[in-house]
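Report on the following structure.
Nothing fancy with the numbering, it's 1 onward along the sequence.
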Amino acid sequence: MYYLFNQHPSSVGENWWQHFKFAISIAYTLLIASVFWMLHGLFPFIPIPFGFDLGNLVIDLGKKNFYRNQKKKEK
């Protein structure tokens, strides 16, 4: 059972807790963005806040992944 929970995190240079925190931070960002996009779909006059539009969201997620990979290389 231990192997199932630690195989993937160790393959990306993290322990289970570090991997969990990273995944939750991504999920939280996408959840908030989803709420804004659903509201915008229902009420088109509500603008998407800066940072949650598609372009900035992709950049932000890319930066998070880049910094995660940089930490992995430092170890």
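- The OG atom of S10 lies 13.5 Å from the CZ atom of F5; values are rounded to the nearest 0.5 Å.
- Y28 and V58 end up in different hydrophobic clusters when Ile, Leu, Val, Met, Phe, Trp and Tyr side chains are linked at under 4.5 Å.
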* Asked: Please walk me through it: do K64 and F22 pass side chain to side chain contact (heavy atoms under 4.5 Å, CB included)?
  -> CA-CA 9 Å; K64 283 184 181 183; F22 179 75; 4.2 Å; yes
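- Taking the side chain as every heavy atom from C-beta outward, T29 and D60 approach each other to under 4.5 Å.
- Note that CG of N56 and CG of D53 are 4.0 Å apart. Values are rounded to the nearest 0.5 Å.
- Panel note: side chain H40, backbone I46; a donor-acceptor pair is recorded below 3.5 Å.
- A pairwise comparison of heavy atoms in P9 and N15 identifies CB-O, 3.8 Å as the closest pair.
- Using a 4.5 Å heavy-atom cutoff, the side chains of L30 and L61 are in contact.
- Taken together through direct or relayed side-chain contacts under 4.5 Å among Ile, Leu, Val, Met, Phe, Trp and Tyr, L4 and W17 form part of one hydrophobic cluster.
- Cluster annotation: I32 and L39 are assigned to distinct hydrophobic clusters (Ile/Leu/Val/Met/Phe/Trp/Tyr, side-chain heavy-atom contacts under 4.5 Å, transitive).
- Using a distance-only test at 3.5 Å, with no hydrogens or angles considered, a donor-acceptor pair links the side chain of W37 to the main chain of F52.
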* I would like to know whether E14 and R68 meet side chain to side chain contact (heavy atoms under 4.5 Å, CB included); could you show each step before the answer? => CA-CA 10 Å; E14 297 172 336; R68 176 182 180 223; 2.8 Å; yes
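- No single ILVMFWY cluster, assembled from side-chain heavy atoms under 4.5 Å apart, contains both I24 and I26.
- In the hydrophobic cluster analysis, where Ile, Leu, Val, Met, Phe, Trp and Tyr join through side-chain heavy atoms closer than 4.5 angstrom, L54 is grouped together with F36.
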